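Structure, as structure tokens:
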Amino acid sequence: MSNPTIVTRFAPSPTGYLHVGGARTALFNWLLARHSGGRYLLRIEDTDLARSTDQATRQLVEDLRWLGLNWDNAELVYQSRRLPIYNAIIDDLIARGLAYKAYETAEELSAQRVQAERARRQYRYRRPQLTDEQIRKYESEGRPHVVRFAMAVKEYRFSDAVLGANQGFGPGEVQDFVIRKSDGMPTYHFGVVIDDQEMGVTHVLRGQEHLLNTCNHIALQEALNYPRPIYAHLPVILAPETKAKLSKRDRDQKIRQRAGEWMRSQKKTAADLATASGLPEARLAEWFGNTAKQLDLSEQPPVMRIVGLREVDLPEIMVHDFRKNGYLPEVLNNFLALLGWSPGGDRERMTMDELVSHFSIDGIGKANAMFNRDKLLAFNTEASAASPPPRMLAAMRDYLAINTDSPLASADDPQLEKVLKMNHGFHILREADEKSRFLFLPDNEIEYQTDAVEKVLKKNDGQGAAALREVRGVLDGPANWQAADIEAAVKGYCDQKQLGLGKVAQPIRVAVSGTTISPPIFETLEFLGKAKTIARVDRCITLSC
RNA sequence: GGCCCCGUCGUCUAGAGGCCUAGGACACGGCCCUUUCAAGGCCGCGACACGGGUUCGAAUCCCGUCGGGGUCACCA
């Protein structure tokens, strides 16, 4: 019994960073291919000339590589480079009467839709009866046209590997969809059918939002005499904020919401926001007036700064966001795999190899899944604590490569390993990074936070400050500047003075870090070294006590 | 609104008629540990949407109701 090789593919359109919904689709296709020893291909669907960019393609490729979802085609397939192939097939369909040119303008079509809606009737495009004379006239005028596929008016049914048999729609839903746009590019529906056939794709795993599109695709396959691949429609990933399909727009929405709050509480207008952020007023007014408009990636930071939003306050939607915040790619894959799929039983934490060996279409569920960031965080915390140091060092290097503003970027490998060890238990690398930056700052750049100084040093008639002055001498003591020796010295002082360790450790912490939060204090001091420790204590006493 | 898909703890899910007093994970609450923030340990709270069938027996099968989502482009 021959078992034909399974061929899957991921076919994103390059309009920006890869988002987690797309990553999940890519992952499932990759897993199916790897599990079965088949092939997984990558195709770039760049037929929307207005929105596709080379930069987006590069970002997509980089995100996919970061996730470790490597594809098997040496050369990427770009739809925009395959026009002659599409056109030959379209010409053939036209010659066979299965496709035809349609001359309506966008305005005419939308007028027809409005009219149908007024008449409380569903709009369905069906082939208009044009006389030869009309066609000659349009052609001689050089009127722009699209090519539409002449769908037979009948039932379209197919079986879905996840949703079951008998999917599709009846004759009432049929309409003649566009297969070539007026700019000469194929539409998604056309390109996907042709390319899947030519690339030998056997299994199509994609989001459930494509379920009904499948009818168009099978109609085309029938007309072209192509075999039908196996379809598996994945449940949709829902955003907790909106309880609707996870979308890039969710980030913009958060900024919009905060900007609204800012204007209300500060009694400001969009014009004020424009001035403060340095963006054109007209642009911000446009954005505010229309919720369908989004800020560009370059416009977001200035606005966020003004309204008091940090990068980490935004929901992570893009794969790049997760990378930038320091999640482990294998953890993101593990978590994403569980959104709509389960290996059965209680198994949850899986390595990439385990995902591959357990994956099957049977384990894919039908119900939509809400994206639960807390659980991802918990997975990442656990995996970060359990991963071997070399793995975490590599992850930290990757994190720093795209967070070049962090002072840790200047650290050498042994230092980074110590930082990782000191911060054991962190959720994401950003947390370890931000908690450790003071270690790599020059002494004179340590900023003493006023509430930390107040609470730890000045309160109770300067009890903390007094302890700090005394312990300064103690810190001069240890000949060996090792955490254990420093700890022994400080604890000895505490015992002698009948003080809890916290009464002394916290003032030291504020003195060296400027804040009440740091890695464990004695390891921190060891890392800083005796000279820096004492210099910072002295500086703190001078400035803040 | 039409069409389509779905419905087990707050969330992700296990569950293929008796193994279910419904299991796990995250979150949440309590206690412990503790030099900060975390991490960790122990304990706990918590669901078969509702109503009808079918069956000796239903979370599991059927029907209806309700609820949620998707989709209605010269975007993919």
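Nothing here was measured: the structure is a model prediction, and the numbers come from that model. Residue numbers start from 1 in every chain, and the chains themselves are labelled A, B, ... in the order their sequence lines are given, proteins ahead of strands.
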Exercise for the section: Could you list the residues that satisfy salt bridge (charged side-chain N to carboxylate O under 4.0 Å, His left out) with A/Arg373, not counting sequence neighbours? Expected result: A/Glu241, A/Glu316
Practice task
Kindly write out the residues that satisfy side chain to side chain contact (heavy atoms under 4.5 Å, CB included) with A/Ala244, not counting sequence neighbours, or none if the list is empty.
Solution key: A/Thr242
Exercise for the section: Please identify each residue that fulfils salt bridge (charged side-chain N to carboxylate O under 4.0 Å, His left out) with A/Arg469, with sequence neighbours left out. Expected result: none
Measure all distances between protein nitrogen or oxygen atoms and nitrogen or oxygen atoms of nucleotides 61-66 of chain B, and list the pairs falling under 3.5 Å.
none

Problem - Exam field: side chain A/Asn368 to backbone A/Ile237, donor-acceptor pair closer than 3.5 Å - result: no
Exercise for the section: Take atom CD of A/Glu117 as the centre, draw a 6.0 Å sphere, and report whether it contains more than 12 heavy atoms from other residues, nucleotides or ligands. Expected result: no
Handout entry: Listed once per pair and sorted, the ring pair (Phe, Tyr, Trp, His ring centres under 6.0 Å) pairs that draw on residues 157-181 of chain A, sequence neighbours left out
Key = A/Phe149-A/Phe177, A/Phe177-A/His189
Practice task
Side chain of A/His427 only, please: which of B/G70, B/A38, B/U35 is the nearest?
Solution key: B/A38
Completion exercise
Between the OG atom in A/Ser518 and the CZ atom in A/Arg437, the distance rounded to the nearest 0.5 Å is 15.5 Å
Problem - Whether A/Ser357 side chain and A/Glu354 backbone form a donor-acceptor pair below 3.5 Å - result: yes
Practice task
Go through the N and O atoms of the side chain of A/Lys366 and the base of B/C6, and report whether any donor-acceptor pair is under 3.5 Å.
Solution key: no
What's touching nucleotides 13-19 of chain B from the protein side, N or O pairs under 3.5 Å?
unit_1, atom_1, unit_2, atom_2, d
B/U13, OP1, A/Gly340, N, 2.8
B/A14, O2', A/Gly345, N, 3.4

Practice task
Would you mind pulling out the nucleotide paired to B/G44, Watson-Crick or G-U wobble, both distances under 3.5 Å?
Solution key: B/C28
Exercise for the section: Identify whether any heavy atom of A/Ala385 sits under 4.0 Å from a base atom; if not, whether one sits that close to sugar-phosphate; answer base, sugar-phosphate or nothing. Expected result: nothing
Completion exercise
Contacts of A/Gln115 meeting side chain to side chain contact (heavy atoms under 4.5 Å, CB included) (sequence neighbours excluded), chain-then-number -> none
Problem - Nearest listed nucleotide, side chain of A/Gln167, among B/C5, B/G2, B/U35 - result: B/C5
Practice task
Return the residues of residues 152-161 of chain A meeting this criterion: a heavy atom under 4.0 Å from some atom of RNA chain B. Order them by number, or give none.
Solution key: none
Practice task
Examine distances only and state if a side-chain atom of A/Arg126 and a backbone atom of A/Val174 form a donor-acceptor pair shorter than 3.5 Å.
Solution key: yes
Exercise for the section: Give one of base, sugar-phosphate or nothing for A/Arg148, where a contact means two heavy atoms less than 4.0 Å apart. Expected result: sugar-phosphate
Handout entry: Those residues that, when tested against A/Glu107, pass salt bridge (charged side-chain N to carboxylate O under 4.0 Å, His left out) (two or more places apart)
Key = none
Nucleotide N/O of nucleotides 40-51 of chain B paired with protein N/O under 3.5 Å:
none

Completion exercise
Of A/Thr47 and A/Phe169, the one whose nearest nucleotide on RNA chain B sits closer to the 5' end is A/Phe169
Exercise for the section: Give me the residues of residues 109-126 of chain A where at least one heavy atom lies under 4.0 Å from an atom of RNA chain B, by number, or none. Expected result: A/Leu109, A/Arg113, A/Gln122
Handout entry: Main-chain N/O of A/His210 paired to A/Thr214 side chain as donor or acceptor, under 3.5 Å
Key = yes
Fill in the blank from the handout: Residue set satisfying side chain to side chain contact (heavy atoms under 4.5 Å, CB included) with A/Gln449, at least two apart, ordered chain then number -> A/Asp451, A/Ala452, A/Thr515
